[in-house]
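Inspection log for the structure reproduced underneath, given as structure tokens.
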Amino acid sequence: MKPGTMWQMMGGTNVRSVLKALDLMEPVHRAAWLGAAIRHGVLARLAEAPATLDELAESLAPEPSGRAGLRAWLRHGILLKELRLRDGRYHLSGALGRLLADPDNDGLAGYMEALMGLHARGVGGVLDRLKEGETYSVADLDGPLIARTSELLGPVLREEIDRAVSTSGATALLELGCGSGHYLRYACERNPELTAVGVELDFGVADAAASAMEWHELADRARIVAGDLRTVTLDRTFDVVTLFNLLYYFPVEQRRDVIAAAAGHVAPGGQLVLGASCGGGTLANNMLDIWFSSMAECGPLPKPDAVVAALEAAGLSADKPRRALPGESYFVFVGRRS
Ligand SMILES: C[S@@+](CC[C@H](N)C(=O)[O-])C[C@H]1O[C@@H](n2cnc3c(N)ncnc32)[C@H](O)[C@@H]1O
């Protein structure tokens, strides 16, 4: 290639900007490749044992017509240094791939899958909808993937449970929108005298949470109720009521009622602990704001002042909101009933 042609290819005097644009290719391809490798079990499979093209093709490309595409996809893994081909077998070679293959890092694996799904569709796709006068809907979200990535907040919210639930003494806990029930389980394991109720709207998720309680031999202490937290009636009040990662699923004008409904379950001397991403923050947080602001049934991430005002309006005395994740707009709110 002539130097002049190369100069033109590289954008001439814009060479720095062109290089910056080209630099984006590798991280985007890596995220796409790793996301697919997680989704289709390639990382888990290769973490167990290296495999040949034929062995991988049995599940990944069972038709002969798919073989060439699979080979090229695997070669992409080699170019990205996530794979190595030795003696006809593909081996995992990247530290990140190995980390993501470990089931203990499922939250991180969920995030990697979400980068090219939830994140890319939100940031890259929202204008396609808005321009047509359309919105997203909760059905556009991949619920199980959201649940997996929510697990990244696990340490933060377990710390909040540690604050609210002591390690001994009879305590009644209610979790509204309990999902798979992992926080209920954590609280039960923390305090052997604790009894708990989880309320979950989605029947399938509620069923899975109830099975998880049985599996962990906690069913006698943790009951799962399939129902809507806005209308559910329970036969008692609770020392601690939690509402984690859920407020923005409701339109702004309903959030006071949601908080009032949650507060109605708090016993005298008890507390409502609410964890929520709020407006602002980093790229990840703002990506959520794009989604929730653009979903017909939901609304923008809340403002901390509005949450505090709703707690007070519900008859609770609100602590100063706590930024639970340094540098991020994720807040924990506590409202106490005297
Ligand atoms: C983002 S997940 C959060 C789950 C859990 N709180 C956590 O932080 O891991 C929200 C959960 O709330 C449930 N949910 C949504 N609206 C609800 C409602 N009105 N009543 C009860 N549960 C609801 C969803 O089905 C989902 O399982």
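Indexing begins at 1, ligand by ligand and atom by atom, following the structure's order. Numbering starts at 1 and runs along the sequence shown. Hydrogens, waters and symmetry mates are skipped; everything else that's a heavy atom, side chains included, is used.
We find that R221 and E193 are not joined by a salt bridge, their nearest charged nitrogen and carboxylate oxygen being 4.0 Å or further apart. Ion pairing between a basic and an acidic side chain is recognised when a charged N comes within 4.0 Å of a carboxylate O; R158 and E151 show such pairing. The pair D142-R148 does not meet the salt-bridge criterion, since no charged nitrogen lies less than 4.0 angstrom from a carboxylate oxygen. The existence of a salt bridge linking R323 and E328 is excluded, since no basic side-chain nitrogen approaches an acidic carboxylate oxygen closer than 4.0 Å.
Within the cation-pi definition used here (under 6.0 Å to the ring centroid, within 45° of the axis), R236 qualifies as a partner of F238.
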Evaluation steps, ring pair (Phe, Tyr, Trp, His ring centres under 6.0 Å), between Y136 and F292: CA-CA 8 Å; Y136 282 122; F292 282 90; over 10 Å; no
Any protein N/O atoms within less than 3.5 Å of an N/O atom in ligand 1? List the atom names and distances, or say none.
| from | atom 1 | to | atom 2 | distance (Å) |
| --- | --- | --- | --- | --- |
| ligand 1 | 6 (N) | G177 | O | 2.8 |
| ligand 1 | 6 (N) | F244 | O | 3.0 |
| ligand 1 | 8 (O) | N245 | ND2 | 2.8 |
| ligand 1 | 9 (O) | H182 | NE2 | 3.4 |
| ligand 1 | 19 (N) | D228 | OD1 | 3.0 |
| ligand 1 | 20 (N) | L229 | N | 2.9 |
| ligand 1 | 22 (N) | L201 | N | 3.2 |
| ligand 1 | 25 (O) | E200 | OE2 | 2.5 |
| ligand 1 | 27 (O) | E200 | OE1 | 2.8 |
| ligand 1 | 27 (O) | E200 | OE2 | 3.1 |

